[in-house]
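Right, one structure below, let's go through it.
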Number of protein chains: 2
Amino acid sequence: MEHLSAVDALSALAHDSRLAIFRVLVPEGPDGLPAGEIGKRLGIAANALSFHLTRLRYAGLVSVRRNGQQMIYAAAYDGMQRLMGFLTENCCQKDARGCSSDCPQGQPTSVKDKEPTPIARSA
Amino acid sequence: MEHLSAVDALSALAHDSRLAIFRVLVPEGPDGLPAGEIGKRLGIAANALSFHLTRLRYAGLVSVRRNGQQMIYAAAYDGMQRLMGFLTENCCQKDARGCSSDCPQGQPTSVKDKEPTPIARSA
DNA sequence: TCCATATTTCAACAACTATTGAAATTCACC
DNA sequence: GGTGAATTTCAATAGTTGTTGAAATATGGA
């Protein structure tokens, strides 16, 4: 995951309603939930919900499929996994206990062995 | 980490310059870097930099100390660790390969065993 | 075809966030 | 005390994002 799409994923989750939506979807697994059900559980109006779901979808964090009149949204685990991978790789200490505390992270790398990527805006 | 402070941390990182700043600080470890050096490396003006550093600090992702005229900023690993913990716990599948892919996550919990927390705004 | 349900789209507006240049603050050194 | 360097603060503005209500689209069933 590139710097920029990480920003997309982070900002998709950096909203109260969207984080709540995502958290509702996670335990539902690939089956997901119809938009209406999400809205009902969280008390979010249909149009606002649609707005937020689009944003999550754009960030690759949820997928959609149609089932009759309903749109079924599901957490896109691979998108989340890419985000976690990016954060672990770029934003966490590499030695011993990194950010996933109870998970020894494999290759311990010494701090300071890596040039930070300069900020580059694509557009 | 609560839902809301997770949103704070996520939105602090959900910006191109701030993510770049954080990534510059991570490999420097607890020694950190003076603000000016960060600005020089990333080509960010002093006042803008100060704005972003304040935001990161507010989110608990960097710490500051003074050294003479310089302000030394360092990545706050514990803040990042809390964020990673929150995401692993709330936004990832719990079974077998969760989001930290190569890290078997200890207690595998079955999907669907957890009521999602309803969205609650404190203010 | 007509109706009801589910969801999205649109446009207007409100709210928030970022950027800029100028001024202020803090500290070290003379 | 005065000067210069590092950093922050401020105010104005621009830009982006979220919210709301109304209208449109898509689907299934009578």
Side-chain angles (χ1 to χ4, degrees), chain A residues 3-5 7-22 24-25 28 31-59 61-74 119-123, chain B residues 3-5 7-22 24-25 28 31-59 61-74 119-123:
Chain A
H3 180 109
L4 289 171
S5 60
V7 169
D8 286 344
L10 288 165
S11 50
L13 291 177
H15 185 280
D16 213 18
S17 302
R18 285 193 297 266
L19 184 55
I21 290 168
F22 192 73
V24 162
L25 290 178
E28 298 298 326
D31 291 354
L33 285 177
E37 175 62 22
I38 302 171
K40 204 186 313 174
R41 290 202 196 170
L42 297 174
I44 300 176
N47 51 357
L49 184 67
S50 183
F51 170 81
H52 292 306
L53 284 169
T54 300
R55 211 132 157 30
L56 285 167
R57 191 149 61 88
Y58 187 79
L61 292 171
V62 305
S63 61
V64 218
R65 62 182 194 279
R66 179 178 283 280
N67 179 23
Q69 299 163 270
Q70 304 184 319
M71 299 299 267
I72 312 288
Y73 285 86
I119 164 177
R121 203 51 277 189
S122 55
Chain B
H3 180 109
L4 289 172
S5 58
V7 170
D8 287 341
L10 288 165
S11 47
L13 290 177
H15 184 280
D16 211 18
S17 303
R18 285 192 299 266
L19 184 55
I21 291 168
F22 192 74
V24 162
L25 290 178
E28 298 299 326
D31 291 353
L33 284 177
E37 175 62 23
I38 303 171
K40 205 186 311 177
R41 289 202 196 171
L42 297 174
I44 300 176
N47 52 357
L49 184 67
S50 182
F51 171 81
H52 292 307
L53 284 169
T54 300
R55 212 133 158 31
L56 285 167
R57 190 150 61 88
Y58 188 79
L61 292 171
V62 305
S63 61
V64 219
R65 62 182 195 279
R66 179 180 282 279
N67 179 22
Q69 298 164 269
Q70 304 184 321
M71 301 298 269
I72 311 287
Y73 285 87
I119 164 177
R121 203 52 273 194
S122 54

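- Non-hydrogen atoms lying under 4.0 Å from DNA chain D are contributed by B/Gln69, B/Gln70, B/Met71, all within residues 63-72 of chain B.
- Residue A/Tyr73 places at least one side-chain N or O under 4.0 Å from the OP1 or OP2 atom of C/dT8.
- Heavy-atom contacts of chain A under 4.0 Å fall on DNA chain D between two terminal nucleotides, which in 5' to 3' order are D/dG18 to D/dG28.
- When side chains are defined from C-beta on, A/Leu56 does not count as touching A/Leu25, because their heavy atoms never get closer than 4.5 Å.
- Applying the side-chain contact (heavy atoms from CB on, under 4.5 Å) rule to A/Ala35 yields the partners A/Leu49, A/Leu53, A/Tyr73; only residues at least two apart in sequence or on another chain are considered.
- B/Gln69 pairs by the side-chain hydrogen bond (donor to acceptor under 3.5 Å, both in side chains) definition with nothing, not counting sequence neighbours.
- Within the 4.5 Å cutoff, side-chain heavy atoms of B/Ile44 are placed close to those of B/Ile21.
- Checking side-chain atoms of B/Thr54 against main-chain N and O of B/Ser50 turns up a donor-acceptor pair under 3.5 Å.
- Between the CD1 atom of A/Ile38 and the P atom of C/dA6 there is a distance of 14 Å, rounded to whole Å.
- A/Ala35 comes within 4.0 angstrom of sugar-phosphate atoms only, judged by non-hydrogen atoms across all strands, and of no base.
- Remark: P of C/dT5 and CD of A/Glu37 are 17 Å apart, rounded to the nearest angstrom.
- Closest approach of A/Leu13 and A/Leu19 over heavy atoms only: O-CB, 3.6 Å.
- An angle of 20°, rounded to 10°, separates the two end axes of the helix from C/dT1-D/dA30 to C/dC30-D/dG1, each defined over five pairs.
- To the nearest 0.5 Å, atoms CZ (A/Arg55) and OG (A/Ser11) are separated by 5.0 Å.
- Looking at every heavy atom in both residues, B/Leu61 comes nearest to B/Ala12 through CD1-CB, 4.0 Å.
- With values rounded to the nearest 0.5 angstrom, B/Arg57 atom CZ is found 15.0 Å from B/His52 atom NE2.
- Considering only heavy atoms from C-beta on, A/Phe51 comes within 4.5 Å of A/Arg18 through its side chain.
- With sequence neighbours excluded, the residues forming a side-chain contact (heavy atoms from CB on, under 4.5 Å) with A/Ser63 are A/Ala74, listed by chain and number.
- In this structure, B/Glu28 and B/Leu33 approach most closely via the heavy-atom pair CG-CG, 3.6 Å.
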Enumerate all atom pairs, one protein N or O and one N or O from nucleotides 18-20 of chain C, separated by less than 3.5 Å.
{"from": "C/dA18", "atom 1": "OP1", "to": "B/Arg18", "atom 2": "NH1", "distance (Å)": "3.1"}
{"from": "C/dA18", "atom 1": "OP1", "to": "B/Arg18", "atom 2": "NH2", "distance (Å)": "2.7"}
{"from": "C/dA18", "atom 1": "OP2", "to": "B/Arg18", "atom 2": "NH1", "distance (Å)": "3.4"}
{"from": "C/dA18", "atom 1": "OP2", "to": "B/Arg55", "atom 2": "NE", "distance (Å)": "2.8"}
{"from": "C/dT19", "atom 1": "OP2", "to": "B/His52", "atom 2": "NE2", "distance (Å)": "2.9"}

